[in-house]
Structure formats: C-alpha cells, structure tokens
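For this chain, numbers begin at 1 and follow the sequence in order.
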Amino acid sequence: MDSLTLICTAALLAAGGLYWFVCFFGSAEVKGKRAVQLTGGSIDKENVQDNYKQYWSFFRSPKEIETADKVPVFVDTFYNLVTDIYEWGWGQSFHFSPSLPGKSNREATRIHEEMAVDLLGVKPGARILDAGCGVGGPMRAIAAHSKANVVGITINEYQVKRARMHNKKAGLDSLCEVVCGNFLQMPFADNSFDGVYSIEATCHAPNLEEVYQEIYRVLKPGSLYISYEWVTTELYKAEDLEHVEIIHGIERGDALPGLRTYKDIAQVAKKVGFEVVKEKDLAKPPSHPWWTRLKMGRMAYWRNHILVTILAFLGIAPKGTVDVHEMLFVTADYLAQGGEKGIFSPMHMILCRKPAAE
C-alpha cells in the first residue's frame, strides 16, 4: 500500500470514528439532541463565554443573588448555558429520582414523575400547573399518564421553544401548554388550577415564601400542591468546613441563591396558608441511592467532555461550552458527595392542600 492510500485510509477511518463518536456514542442518556447541535440557548454563539463569565460574577457579589430582582437574570443565564448539555447528556427531565432495582434511569424518572400527579388526585381533563417546567420532560410524562391538561411555566425562552417542539413531536401538544414567565409573578388568574406541582424547581427562588404564596394564589380552594425540594438534611453541620464546601459547590453549579434546610419547607407552606398533608424525604432509605446515576456516569462525563472540547476547537460548539461542561462535571461530584454523606437531598417531598372555601 503506497503512502497516499495509507493516508487516505487513515483519514477515512478517523472521520468515520469521529462521526460515530459524535452521533451514536455521544450521550450518557437518551438524547434530547445531538452533540453537534449544542448551543448557548438564546445566547448568540459568540457571546456564550462572556455569559458564562457573567454567571460566575454573581458569586463574586453573593448578596446580589439574594435580591429577588437579580435572580431571574441569574437563573435565565444559567439555563441558556446548560439546557442543551442537560438534554444531550441527561435527558429531557432535569431532575433526580430514587434508583429502582430492575428499572432503567429513564423508567425510574417516569415513575417518580407519575407519583407526583397521582398524589394530586386529579381527574382526566383537569387543569394543572408545572411550576418550573424546563423543557417539559415531566410535563409530558404526567400528561400522558393522567390525561390532565398541563400548563408549564419557565423563565427561559429557549426552554419554551424546546418544550413546545418536544410536546408536538410526542403528540401531546393538545394536553401541554408552555408559558414563558417568572413563577414569582405568574400570568394566571386566582383559583385557576385544579392542582400544581414543582419538581426540583423552587430551589431557584430567592424566597420560598414568595413562590409558595404565588402557587397558593393560582390554586383552587380544596386542591393540592406537591413539590420535590432541594434541601440540606439534619446531618448537615454548618461548622463542618467539608459540608459547607459541598453545599456551596452545589449552589454555585446549579444557580441556587442558597439551599434551604429541610425544616424550612413545611414552616413556609403553613405560613402562606397551606395545610400540610404529607412530608417525606424520598431520598432516605429504603429508597435506593439517587446519586449512583452520577457516579455510574463518570466515564460518560469524561467521554462527553473530550467530545465537547473537540467540537469547540472545530468551531461547531460555541466557545465557552467546554467551561460550562466542566462546571457541570465538578457540580456532579459535589452532588454525589452530598448524597453519599446524607447532608443533601434533591427530593424532599411536601404535599399541601389549599383549604376549601368556607
């Protein structure tokens, strides 16, 4: 074989290998999109890296992210940066679920979502709200399972577009509606929903009382609200520097104004007028660890990081995507540590009822 033929053969094999790596081996989970389609959401491609720096600037002035008017920009920037990477590497449901023996991560996620609407006890045709819907993975599972009409709200315009596209593709756009807005000031009438749920979403609110009060307002009297909350547990020790670093790492990597303690959740719900029907940390035994998905995916994270680096070098992925992916990789480690030590839970469940009108 002459040298030219050898070079051409090697080039073809390399190109074929890269194509396979990108399009078929590029995701840890079922893809929401392919690696070659990674973007910065609503951010122009050339501005992704600047927006990543803007995101981190909030942590240089931590008091700013405690101010309600600053948080929407903070969270919106985060989800512009991470939405495509989440969909590509994780799936369309941006949350955790307990590991279930004999079930895939995707099946466990669906069961976790269906449990939420089952606890609401709504009937087919009911109108329910998904407060913080992301790209609508839970919305579609819940609509298909319950036959309820689900209205989702997310602050990020890019997620609205993605959710609507997924809804139509799944044939569920007749049951699923998506609105762009802030769940602290929702564009819905008082007493207009038969049920409300939020899945690992209200952790982004600077003040839990404000979002619970708004949910209370739009919920019909006698109806139920369920939330899966991110909290620090009774094992968290504020004087333990390792604990503090883990929790701060989770906050920095997930756009959180500040994690709440598990004690706060029911107190806030009662303060705004809810009756607490049930409260349980779904991450506790006998539930199987939720964080094993992160540890099992470590090889996939490294594989994906190499791929993102290649795509950014070639100019296919925006400059700054590598930084965002690395941030999420580091955050995954903090999340796993929080789960292993038992100091953090992403699924502290609270079920509340708005008292019936007298």
Any Lys/Arg nitrogen of [X] or [Y] sitting under 4.0 Å from an Asp/Glu carboxylate oxygen of the other?
X	Y	value
Arg217	Asp190	yes
Glu245	Arg252	yes
Glu46	Lys319	no
Lys220	Asp194	yes
Lys341	Glu242	yes
Arg110	Glu114	yes

- prompt: What residues, two or more places apart in sequence or in another chain, satisfy ring pair (Phe, Tyr, Trp, His ring centres under 6.0 Å) together with His248?
  reply: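 Scan of His248 (ring pair (Phe, Tyr, Trp, His ring centres under 6.0 Å), adjacent residues dropped) gives none.
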message: Using side-chain heavy atoms (C-beta onward) and a distance below 4.5 Å, is Pro101 in contact with His288?
response: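 Sidechains of His288 and Pro101: in contact.
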Hey, is the main chain of [Y] close enough, under 3.5 Å, to the side chain of [X] for a donor-acceptor pair?
X	Y	result
Ser345	Asp281	no
Asn207	Glu210	yes
Arg353	Val276	no

message: Taking salt bridge (charged side-chain N to carboxylate O under 4.0 Å, His left out) as the definition, give me every residue that meets it alongside Glu234, ordered by chain and number, with sequence neighbours left out.
response: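 Partners of Glu234 by the salt bridge (charged side-chain N to carboxylate O under 4.0 Å, His left out) criterion, ordered by chain and then number, come out as Lys284.
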In terms of ring plane angle, is the pair [X] and [Y] parallel, tilted or perpendicular, where the classes change at 30° and 60°?
X	Y	result
Phe94	Tyr79	parallel
Trp90	Phe96	perpendicular
His325	Trp88	tilted
Phe74	Tyr55	parallel

Decide whether [X] and [Y] meet the rule of one side-chain donor and one side-chain acceptor closer than 3.5 Å.
X	Y	answer
Asn156	Asn80	yes
Thr154	Gln159	yes
Asp333	Gln337	yes
Gln92	Arg162	no

query: Considering all heavy atoms of both residues, which atom of Met139 and which atom of Cys133 are nearest to each other, and what is their separation?
result: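 Smallest interatomic distance, heavy atoms only, reads CE-CB, 3.9 Å.
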message: As an exercise, state the distance from CD1 of Ile316 to OG1 of Thr321, rounded to the nearest 0.5 Å.
response: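 So the CD1 of Ile316 and the OG1 of Thr321 are separated by 11.5 Å.
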